[in-house]
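Below is one structure, written out as structure tokens; the observations come after it.
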Protein chains: 2
Amino acid sequence: MKLSTKGRYGLRAVVDIAVCSENEAIALSQIAERQNISVNYLEQLVARLKKAGIVNAIRGAQGGYMLAKPAKDISVGAILRALEGDLNPVDCSEINNNEGNCDNSDSCVTKYVWKRISDSINDAVDGIMLSELVAESKKVQAQMGNTEANNTKQTCGI
Amino acid sequence: MKLSTKGRYGLRAVVDIAVCSENEAIALSQIAERQNISVNYLEQLVARLKKAGIVNAIRGAQGGYMLAKPAKDISVGAILRALEGDLNPVDCSEINNNEGNCDNSDSCVTKYVWKRISDSINDAVDGIMLSELVAESKKVQAQMGNTEANNTKQTCGI
DNA sequence: TTTAATTCCTATTAAATTACTCGGCTTTAA
DNA sequence: TTAAAGCCGAGTAATTTAATAGGAATTAAA
């Protein structure tokens with residue numbers, strides 16, 4: 001019952017893109033360095049985000065990624081589902097739309113449990129917008145920047 | 001982000017025990033047959049439940065398992081945590097009590113997301129009592145029993 | 001027009017986890 | 001005494017995760 005690195009790394013990458021690419025596209029190599037994730041692996045994660053319409057790519061030299069829409073219109077739920085697939089705790093035909101076609105559905109009582117877990121997870125993540133994380137990130141950076149002089153490596157630290 | 005078979009099979013096993021062992025201990029072999037899980041694997045699941053104080057074992061011939069306390073005093077959360085370990089979506093030192101000792105905690109903004117997911121999952125499962133599942137199971141059984149005459153195999157079907 | 005930076009795409013592999021199976025030991029009612 | 005149960009630890013097969021690798025396509029800039 002754990003998120004994989006796809007979800008964990010991927011959400012960090014989106015926050016990075018949101019914070020650091022307000023005007024210009026940002027290259028994966030920069031995100032990779034800041035977040036300490038390999039470029040190759042990041043590619044796979046960002047591919048999912050792109051497919052889901054969360055980020056746009058600009059190809060070629062000086063290319064990179066930007067948000068596909070304003071951060072206030074992107075929910076953490078959409079990001080995590082793009083990265084992880086659905087966030088349901090089980091593959092249950094009552095929760096998903098008849099995926100798996102469970103033959104025991106009539107007499108199954110645990111499905112009520114799975115449904116409640118599923119709803120609570122999805123409600124939670126859909127209620128958080130990327131813009132909130134961006135705001136939090138900027139706040140934290142401001143604090144860190146004031147107390148310590150460790151803006152050594154990047155101008156846009158996360 | 002899926003529950004393993006431990007949680008899925010194990011919760012079914014607990015409901016089975018709760019429904020079928022009101023007076024007498026019930027053998028794993030019977031649960032195994034009804035739930036279509038191997039006895040050997042069930043043993044491992046039930047061992048966790050026993051360790052967590054959810055079921056009691058009676059050893060020797062005619063032995064088996066019973067609930068360790070009334071179903072209304074056992075939450076689904078306690079059952080699932082006994083089977084799966086904690087239900088947090090990440091191993092994060094802010095959520096667990098300093099497990100892992102994340103060195104990036106100060107500047108981490110995704111921890112707010114993990115905390116909200118974690119809380120929502122735990123609140124959901126702690127709000128469901130085993131007794132509710134037992135009641136639901138009995139209701140379903142009554143319906144199935146009336147419409148079809150398929151009480152062939154067991155007196156205590158689930 | 002070349003070059004270098006970058007995204008795009010697919011295949012392969014190493015590591016970890018899951019989901020069991022197996023076999024022998026202990027306990028106890030009949 | 002025996003058979004039916006729980007108890008326990010080791011081993012294994014299958015699956016999933018977490019990468020790594022390498023080349024093709026695209027494009028801004030020199």
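Note that these values count all heavy atoms, side chains included, but never hydrogens, waters or copies made by symmetry. Per chain, numbering begins at 1; letters A, B, ... match sequence-line order.
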query: Can you name the one residue among Asp123(B), Asp86(B), Asn88(B) that meets side-chain hydrogen bond (donor to acceptor under 3.5 Å, both in side chains) with Ser118(B)?
result: Asn88(B)
query: Tell me, do Arg34(A) and Gln30(A) make a side-chain contact under 4.5 Å, heavy atoms counted?
result: yes
field: Glu43(B), nearest nucleotide to its side chain (from dC8(C), dG23(C), dA5(D))
entry: dG23(C)
- request: May I ask you to decide if Gly7(B)'s main-chain N or O and Glu84(B)'s side chain share a donor-acceptor pair within less than 3.5 Å?
  value: yes
field: Position toward the 5' end of DNA chain D (nearest nucleotide), Ser38(A) or Arg59(A)
entry: Ser38(A)
task: Round to a whole Å and report the spacing from CD1 of Ile58(B) to P of dA29(C).
output: 9 Å
- prompt: Can a side chain N or O of Tyr9(B) be found less than 4.0 Å away from OP1 or OP2 on dC20(C)?
  reply: yes
query: Which whole-number value in Å describes the distance from Ile37(B) CD1 to dT18(C) C1'?
result: 15 Å
query: Any side-chain N or O of Lys50(A) under 4.0 Å from OP1/OP2 of dC8(C)?
result: yes
- prompt: Between Asp126(B) and Arg81(B), does at least one N-O distance fall below 4.0 Å, as a salt bridge requires?
  reply: yes
query: In whole angstroms, how far is the C1' atom of dC20(C) from the CZ atom of Arg8(B)?
result: 13 Å
message: Looking only at the side chain of Asn40(A) (C-beta and beyond, no hydrogens), which of the listed nucleotides dA29(C), dC7(D), dT20(D) gets closest?
response: dT20(D)
- prompt: Do Asp106(A) and Val140(B) have side chains that get closer than 4.5 Å, going by heavy atoms?
  reply: no
- request: Please determine if a side-chain N or O atom of Tyr65(A) lies less than 4.0 Å away from the OP1 or OP2 oxygen of dC8(C).
  value: yes
query: Hey, is NZ on Lys115(A) packed in by over 12 heavy atoms from elsewhere, all under 6.0 Å?
result: no
message: Report for the helix from dT1(C)-dA30(D) to dA30(C)-dT1(D): angle between first-end and last-end helix axes, five pairs each, rounded to 10 degrees.
response: 0°
field: Selected nucleotide, minimal atom distance to Ser4(A) side chain, candidates dA29(C), dA19(C), dA18(D)
entry: dA18(D)
query: In whole angstrom, what separates Arg48(B)'s CZ from dA19(C)'s C1'?
result: 11 Å
Polar side chain donor-acceptor pair, Tyr9(B) to Ser4(B), under 3.5 angstrom: no
query: What is the distance, rounded to the nearest whole Å, between atom CG of Asn36(A) and atom C1' of dA19(D)?
result: 14 Å
- request: Round to the nearest Å and state the distance from Lys51(B) atom NZ to dG9(D) atom C1'.
  value: 14 Å
- prompt: Choosing from dT7(C), dA18(D), dA28(D), which nucleotide comes nearest the side chain of Ala57(A)?
  reply: dT7(C)
statement: Among the nucleotides dA19(C), dT28(C), dA28(D), whichever has the atom closest to the side chain of Tyr41(B) is dA19(C)
- prompt: Do Gln44(B) and dC8(D) share a donor-acceptor pair, side chain to base, under 3.5 Å?
  reply: no
- prompt: Rounded to the Å, how far apart are Glu24(A) CD and dA28(D) P?
  reply: 15 Å
